[in-house]
Amino acid sequence: MEDKYIVALEIGSSKIKGAIGTIDDAHTLTVKAVEEEKISDIVRYGTILNVAETATAIRNVISRLEHREAPRRIEAVYLAAGGRSLRVDPIQVERRLAGETEITRDLIGDLVNEALATPLHDRQVVHATMRELRIDDTPAPRPIGRLGSHIVASMNLISCRNQLLRNLSHVVEERLHLRTVETFIRPLAIADLVLNANEMRLGCALVDFGAETTTVAVYKDDTLRHLAVLPLGSRNITRDITHLNYLEETAEDLKIRNGSALQSPELAATFSAGASHEISMVNNYVAARSAEIIANIIEQIKQSGIAPDKLPCGIIIVGGGARLNGFNQRLKQTSGMNVRVGVPGPHIRITDGTIQPSEAVDVIATLVMAAKNNPRECMTRPAPAPAPAQQHSAGIYGADSIYAQQTNQMPPAQQPMMPQQPQQPQQPLMPQQPAAAPQQPIQQPIQQPVQQPAQQPAATVQQPQQPQQPQMPKAPTYEVMDGNEKPSTKGAFGRMLSGLGSRILNLMTDTMYENDEDDDQ
């Protein structure tokens with residue numbers, strides 16, 4: 001079976017990234033291509049502001065991706081939602097049953113759907129994660145199959161502003177005419193990619209240090225305990241440097257090449273005397289703003305209700321800001337926690353050697369999440385054009401076609417490739433006339449007896465065949481969706497919630513059973 005192609009888009013505040021992946025029969029994901037386009041001031045804090053310029057940037061990324069996989073064309077994409085508008089609200093859903101009742105999967109699904117249907121002002125609930133489930137006041141990590149009469153499910157509702165989803169749908173579907181297959185939550189997708197099972201169980205903090213926002217997610221006992229998005233990012237450092245009378249592009253370059261989050265007087269000594277004062281001023285801005293961002297990260301970890309010493313796996317950091325010189329070292333010194341850079345695991349295959357996994361974590365995470373949730377084909381391949389007829393001395397189908405030489409018809413194997421020529425009706429066969437007797441010389445007086453011609457067997461008169469209508473080849477068609485399923489006509493806003501309750505239930509039940517299997521070992 002042919003590999004399935006999936007496409008992911010990551011719309012950030014400083015870059016728009018696109019990625020193509022393939023899924024084989026063994027459900028193995030292979031990342032084949034990643035392209036990006038730098039942007040400025042058209043996406044702020046994760047929300048699209050200028051739909052026209054954003055559509056142009058996405059179109060450039062799509063064109064480069066299609067060039068990598070020509071002649072295939074992209075017609076559908078997976079998206080990720082994130083940014084400042086994300087918010088987590090705790091909620092409890094309670095259900096009292098008539099006497100002792102067996103807890104079923106459908107019953108747990110009803111609780112999840114009830115939580116997802118919770119109305120919020122000017123916000124859309126996009127996901128729910130389970131914190132704890134209790135049956136008759138007893139924790140139930142494996143609720144299905146147990147007996148009880150009272151169920152209490154404590155969950156986290158993850159929501160975002162309606163404008164974020166509306167603008168995504170407007171750009172992708174209305175302007176670019178691409179179909180949105182599904183929209184995931186970016187922090188959850190990244191956590192699923194870079195965190196291992198031990199880190200989620202023992203406790204850790206995932207930090208996504210982006211251009212305009214910094215997201216902090218705290219995990220403990222395989223549960224998301226806290227999620228917060230700070231309106232601070234690496235671009236704040238760049239704009240601080242512009243106060244030294246630099247353009248933002250120049251300030252960004254100075255930050256990357258010479259900036260350091262560590263207040264180190266030895267750094268300036270490595271430059272010439274004329275440049276030492278300039279570099280020292282740049283590092284003062286870099287170090288001061290880095291200290292502010294680090295202080296907010298540590299504060300969010302404390303607000304989760306879990307002390308830093310109760311998170312033995314430390315901090316896993318991703319995002320472009322994580323590459324700032326000295327930032328991770330200063331974060332480790334200030335927090336007293338171990339810090340490592342999050343990268344995709346070895347189970348992710350990358351065929352393009354130019355792809356830097358640590359820099360493409362966000363868009364690869366969307367591909368991985370799509371591959372785990374009934375992936376849909378996102379690219380189509382044009383139908384091949386029929387081959388033109390070639391004229392040869394032995395016939396129009398080639399000199400090596402004995403079938404064509406004998407029958408003046410195309411070989412059966414080639415019939416789908418080109419139309420048949422109409423056959424001319426055959427004339428009926430008439431009986432042959434006897435051969436004329438040879439003339440005798442005039443001198444012979446005796447006339448030779450006339451020899452009667454031998455009677456020829458009567459030839460069967462064949463009826464003329466009706467000319468056949470030429471059959472045109474049918475161009476093969478390619479299905480966009482799996483099976484006979486028709487492309488969805490719903491927008492991204494409604495399609496994102498389609499099947500969400502079922503997917504959440506699968507994640508919760510799988511996690512519950514995996515934890516118990518680990519305990520048994």
Side-chain angles (χ1 to χ4, degrees), residues 4-22 31-83 85 124 126 160-186 189 211 360 362-367 369-370 373 375-382 478-481 485-498:
K4 186 176 297 184
Y5 282 73
I6 57 177
V7 180
L9 278 180
E10 165 64 25
I11 303 176
S13 298
S14 62
K15 296 178 182 178
I16 292 178
K17 300 177 185 176
I20 294 177
T22 58
V31 182
K32 302 193 68 176
V34 174
E35 295 288 345
E36 66 178 36
E37 180 89 357
K38 292 184 178 181
I39 58 175
S40 179
D41 294 330
I42 62 176
V43 178
R44 296 300 307 273
Y45 304 109
T47 301
I48 298 173
L49 298 183
N50 191 316
V51 293
E53 294 187 27
T54 303
T56 300
I58 295 176
R59 188 178 293 109
N60 294 338
V61 173
I62 292 294
S63 298
R64 290 197 291 269
L65 288 175
E66 289 179 338
H67 180 73
R68 300 278 293 272
E69 294 296 329
R72 296 180 182 270
R73 291 292 179 264
I74 296 174
E75 68 167 15
V77 294
Y78 285 88
L79 300 175
S85 72
Q124 176 66 48
V126 293
C160 65
R161 293 190 180 277
N162 295 332
Q163 181 187 6
L164 186 149
L165 300 178
R166 285 197 304 265
N167 291 359
L168 275 176
S169 177
H170 181 80
V171 170
V172 174
E173 297 192 344
E174 297 181 23
R175 281 187 167 267
L176 299 176
H177 306 291
L178 298 174
R179 178 171 47 87
T180 302
V181 182
E182 196 165 356
T183 303
F184 301 110
I185 304 303
R186 184 182 301 116
D362 43 11
V363 71
I364 294 177
T366 304
L367 285 179
M369 189 64 74
N373 291 278
R376 309 292 181 88
E377 181 68 53
C378 296
M379 301 188 73
T380 57
R381 183 175 57 186
Y478 296 86
E479 294 180 348
V480 176
M481 310 294 289
E485 186 175 355
K486 296 181 180 180
S488 176
T489 57
K490 299 188 294 182
F493 191 79
R495 196 157 38 242
M496 183 181 60
L497 300 179
S498 177

Could you measure the distance from the CG atom of L9 to the OH atom of Y78? Nearest 0.5 Å is fine.
12.5 Å

Distance from K15 atom NZ to I39 atom CD1, nearest 0.5 Å?
11.0 Å

Rounded to the nearest 0.5 Å, how far apart are CG of N50 and OG of S40?
11.5 Å

Separation of H170 NE2 from Q163 CD (nearest 0.5 Å)
12.0 Å

For the student: nearest non-hydrogen atoms of G18 and V363, plus distance
C-CG2, 4.1 Å

All heavy atoms of K4 vs all of P375, minimum pair found to be NZ-O, 3.2 Å

How close do I74 and E66 get, counting heavy atoms only, and between which atoms?
N-OE2, 2.9 Å

Shortest non-hydrogen contact between G46 and S13, atoms and distance:
N-OG, 3.5 Å

Any side-chain heavy-atom pair from L178 and V7 closer than 4.5 angstrom?
no

Pair V181, C378 - check side-chain contact (heavy atoms from CB on, under 4.5 Å), show working.
CA-CA 8 Å; V181 182; C378 296; 4.2 Å; yes

Starting at OG1 of T54, measure out to CG of N167 and round the result to the nearest 0.5 Å.
8.5 Å

Is any NZ, NE, NH1 or NH2 atom of the basic residue among R186 and E10 found under 4.0 Å from an Asp or Glu carboxylate oxygen of the other?
yes

Looking only at atom types and distance, does a side-chain atom of R64 sit under 3.5 Å from a main-chain N or O of E36, one as donor and one as acceptor?
yes

Using the rule given for side-chain contact (heavy atoms from CB on, under 4.5 Å), can you reason through V43 versus I48, listing the C-alpha separation, both sets of side-chain angles and the distance that settles it, and then say yes or no?
CA-CA 4 Å; V43 178; I48 298 173; 4.2 Å; yes

Closest contact, heavy atoms only, E377 versus A76:
O-CB, 4.5 Å

Just so I know, are the side chains of C160 and L165 near enough to count as touching, which here means a heavy-atom distance under 4.5 Å?
yes

Tell me, with the steps shown, if L176 and V77 meet side-chain contact (heavy atoms from CB on, under 4.5 Å).
CA-CA 11 Å; L176 299 176; V77 294; over 6 Å; no

Heavy atoms, side chains only, cut-off 4.5 Å: are I20 and M379 in contact?
yes

Measure across E35 and V61 and return the closest heavy-atom pair with its distance rounded to 0.1 Å.
O-CG1, 3.9 Å

So do I11 and I58 actually touch side chain to side chain, heavy atoms under 4.5 Å?
yes

Could you tell me whether the side chain of E173 and the main chain of R179 form a donor-acceptor pair under 3.5 Å?
no

Between the CG atom in L164 and the OG1 atom in T47, the distance rounded to the nearest 0.5 Å is 4.5 Å

